[in-house]
Amino acid sequence: MDLPVDEWKSYVLQKWSLLPKSIQVTISTAETLRDIFLHSSSLLQPEDEMFLKRLSRGYLVGKDPNAPLFYREEGNKKFQKKDYMGATVLYSKGVSHSRPNSEDISLCYANRSAALFHLGQYETCLKDIVRAQMHGYPERLQPKLLLRKAECLVTLGRPHEASQTISDLESNFAAKPTLAASQFQVLQRTLCRLKVKVQEKENLTETSPAALTKAFEDVDLRGENEQISSTSSSVGLCTDPLKGRCLVATEDILPGELLVKEDAFVSVLNPGEVPPWHRGLESKWDTRATNGDLYCHRCLKHTLAPVPCDGCSYAKYCSQECLQQAWDLYHSIECSLGGLLLTLGVFCHIALRSTLLARFEEAGKVIDKLCGEITNRGTCLPESKNLAQILSYDLGGESKNKGKTVETPIPGCDINGKYENNYNAVFSLLPHTGNHSPVHKFLCALSVSALCRQLEAASLQVFTTGLKSSKLKAAAAPVLYPELNIWGVAMLRHMLQLQCNAQAITTIQQTGSEKNLITNSRQVRLATGLFPVVSLLNHSCSPNTSVSFISTVATVRASQQIKKGQEILHCYGPHESRMGVAERRQKLRSQYFFDCNCPPCEREKQRPSQGPGREAFCCHRCRALLQGDDVLSCGSTSCTESVSRDHLVSQLQDLQRQVGMARKLLRNGELERAIQLLLGCRHAAESFLLAEHSMVGEIEDDLAQAYAALGDWEKSAAHLQKSLRVVEVRHGPTSVEMGHELFKLAQIFFNGFAIPEALNTIQQAEKVLLVHYGPWNDEIQELQKMKSCLLDLPPIPVGPDE
Ligand SMILES: [Zn+2]
Ligand SMILES: [Zn+2]
Ligand SMILES: [Zn+2]
Ligand SMILES: [Zn+2]
């Protein structure tokens with residue numbers, strides 16, 4: 001997803017292998033990105049572009065005039081089955097394929113408003129009603145829509161507007177004597193009912209509930225940092241000869257303290273799975289909901305009612321405002337390139353968007369920097385010599401220049417030594433040009449070249465003439481006219497930077513059916529972004545911070561106490577509790593080009609015979625740890641058991657299959673059968689897996705889910721507590737995984753009305769989750785609601801019943 005699709009990758013690979021040795025050597029040994037780009041670009045042939053075009057055409061990114069009807073009908077089917085969520089997604093797909101101001105789009109919006117109504121999303125429903133009317137909803141269908149509107153307004157406690165809508169409706173009837181008698185009766189009856197409701201509401205005194213949701217904007221840093229934007233004053237920026245830039249605590253930091261709150265400089269929504277029709281399979285239209293259907297393409301907020309771009313079917317937004325902003329900032333140029341960008345992958349897309357965003361910063365500086373890159377340290381404007389010198393650090397091989405820059409000892413900072421979330425800082429992130437394989441650089445350069453050609457063909461000089469702001473136009477005017485090649489080199493730089501600096505933007509998605517009272521959550525990757533401040537954090541396999549996201553904003557919190565002078569660290573992915581040391585080292589070396597020497601790595605390096613850790617097998621007789629390679633034997637001296645690894649592995653696979661079957665039963669509501677199967681699985685697991693094995697925890701968790709669905713809260717709690725113990729051993733008592741598990745347990749106690757246990761668990765869960773997410777987290781909000789509900793319960797009456 002990050003890199004181009006496999007077809008293009010293997011095409012480029014083949015092209016590379018057929019290049020004359022001398023050219024391969026030229027590209028491999030090129031010292032600057034400019035040389036790599038220009039050499040590769042000159043090798044891009046028309047047939048290569050044709051091949052890429054064919055791949056791009058496989059994506060349905062334009063508006064297909066036949067799709068709205070198809071999606072509307074599919075949506076209606078779901079609606080009939082009362083699957084309103086599913087219907088909403090399909091109507092949204094219909095909307096995105098419709099032309100503005102067409103009957104198609106108004107019908108899709110209107111149907112979506114009905115589904116949203118049933119989902120209790122009244123505000124959003126009202127918005128969709130307005131959209132339907134704006135796009136010319138047919139007159140003959142108006143009464144239905146107006147009724148829904150009145151109903152929404154009543155429910156929302158806005159009786160005056162509801163009355164107005166009702167009188168609109170009545171005059172609408174009066175004007176249309178053509179309505180069938182039966183229809184008319186239904187409408188009349190509904191109207192009467194509504195009028196009563198309106199009256200009830202009007203009689204009530206002001207009941208509008210205070211907004212529960214604490215605005216995220218309120219969450220603030222302890223003190224604004226003078227040196228690094230978006231960062232707490234308890235953090236300082238340093239450079240280390242070995243590690244490069246790093247963040248260090250300048251005072252003692254407590255667990256849960258907010259250290260960084262940074263909006264992405266750039267982010268691109270990951271489109272989700274590649275749809276099957278992409279390869280010319282049976283159905284042209286995809287009915288599954290992907291990230292692209294459910295999250296705003298600009299701000300990444302979850303939305304049930306996206307509004308699509310007028311020009312394409314793939315860009316969808318939470319609101320007209322986001323649509324407009326995206327259009328002004330980048331989408332006006334990206335709109336026609338959807339297929340190509342999906343083919344070339346998210347990294348290439350981010351590279352393009354970063355350079356498009358760069359246009360809105362001090363254009364002079366940016367163009368200067370880019371000119372420096374293209375002319376290899378030349379300058380465009382005499383007066384900017386100084387700036388170009390300062391920036392020269394960024395322009396060539398980064399390592400050999402280290403220490404030569406005097407004006408700004410820390411790369412990415414401005415002349416005053418301030419590090420900000422801007423293009424200058426993004427540009428300073430290391431591309432590690434020397435570490436990437438030649439063929440990877442060739443792939444990136446060729447992909448960027450193809451994109452540049454396409455941009456050139458689509459609209460010449462988009463980078464300068466596309467500028468909306470007249471201030472920027474003025475700023476760009478006196479500068480040497482930048483060629484597309486300049487931006488090409490910049491994009492190549494970004495593409496190479498991304499391997500080490502891309503930050504996955506994740507969200508917690510609730511899983512499980514709507515009926516299920518216990519929500520299971522999992523972390524999903526939503527988008528990829530660049531965060532210049534977060535990028536300053538170095539890696540540890542056992543970090544002292546926790547990163548989470550809301551919309552496009554990353555927050556970094558201390559997950560434990562950090563003493564003054566200690567480095568602030570975050571985990572790039574290979575976490576101690578999820579990966580063995582060998583796997584971690586391999587991953588960090590291949591993706592991030594360094595050898596980790598964090599405390600767990602050092603510890604494990606010194607004692608390499610530690611064995612396979614908690615995912616190990618145990619002896620079925622005495623439950624001692626089994627040791628060995630191909631044949632494992634019992635660790636207990638009094639036991640002579642031995643067994644082949646192959647046998648154990650196939651036993652584990654068998655178990656996984658059975659658990660998979662049980663989950664299917666669980667989803668289908670066959671609870672008793674699921675429980676029987678899971679109990680069997682647990683018995684089997686106990687015979688050969690350590691008690692802390694993740695599989696054991698998962699089985700207990702599934703059992704807890706099943707009993708919860710049956711309403712047997714006591715059994716559910718007992719199983720979840722066992723799962724909790726596994727999570728605690730594996731991830732630690734204050735880990736975010738522990739927080740999610742405690743949240744589930746709190747829900748179970750709450751539903752089972754075990755009040756003291758519930759209050760106790762709510763407190764524990766809150767404590768852990770607060771450290772990782774801060775107070776605006778959904779789960780914490782829910783915990784607080786549960787708590788106040790329990791505390792507000794009337795006292796149990798004493799004495800005998802009647
Ligand atoms: Zn948005
Ligand atoms: Zn578009
Ligand atoms: Zn490590
Ligand atoms: Zn044994």
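Atoms within each ligand, like the ligands themselves, are counted from 1 in listed order. Nothing here was measured: the structure is a model prediction, and the numbers come from that model.
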- Angle in degrees, rounded to 10°, that NE2 of H331 and SG of C309 form at the Zn ion (ligand 2):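 It comes to 110°.
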- Message: How large, to 10°, is the angle at the Zn ion (ligand 2) when you draw lines to SG on C335 and to SG on C312?
- Response: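 The two atoms subtend 120° at the Zn ion (ligand 2).
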- Query: Counting backbone and side chain alike, does C318 bring an N/O/S atom below 2.8 Å of the Zn ion (ligand 1)?
  - Reply: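 A backbone or side-chain N, O or S atom of C318 is under 2.8 Å from the Zn ion (ligand 1).
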[X] side chain to [Y] backbone, donor-acceptor under 3.5 Å:
X: H693; Y: F688; result: no
X: T303; Y: Y295; result: no
X: K63; Y: S96; result: yes

- Flag for S447-W8: side-chain donor and acceptor within less than 3.5 Å: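 Looking only at side-chain atoms, S447 and W8 do form a donor-acceptor pair, the distance falling under 3.5 Å.
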- Query: Got a sec: is C639 within less than 2.8 Å of the Zn ion (ligand 4) via an N/O/S atom?
  - Reply: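 Yes - counting backbone and side chain alike, C639 has an N, O or S atom under 2.8 Å.
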- What's the SG-the Zn ion (ligand 1)-SG angle here (C296, C322), rounded to 10 degrees?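 That angle is 110°.
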- Task: Evaluate side-chain hydrogen bond (donor to acceptor under 3.5 Å, both in side chains) for N270 paired with T528, printing each intermediate quantity in order.
- Result: CA-CA 7 Å; N270 291 31; T528 308; 3.1 Å; yes
- Task: Nearest 10° is fine: what angle sits at the Zn ion (ligand 4) between SG from C622 and SG from C634?
- Result: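 With the Zn ion (ligand 4) as the vertex, SG (C622) and SG (C634) sit 90° apart.
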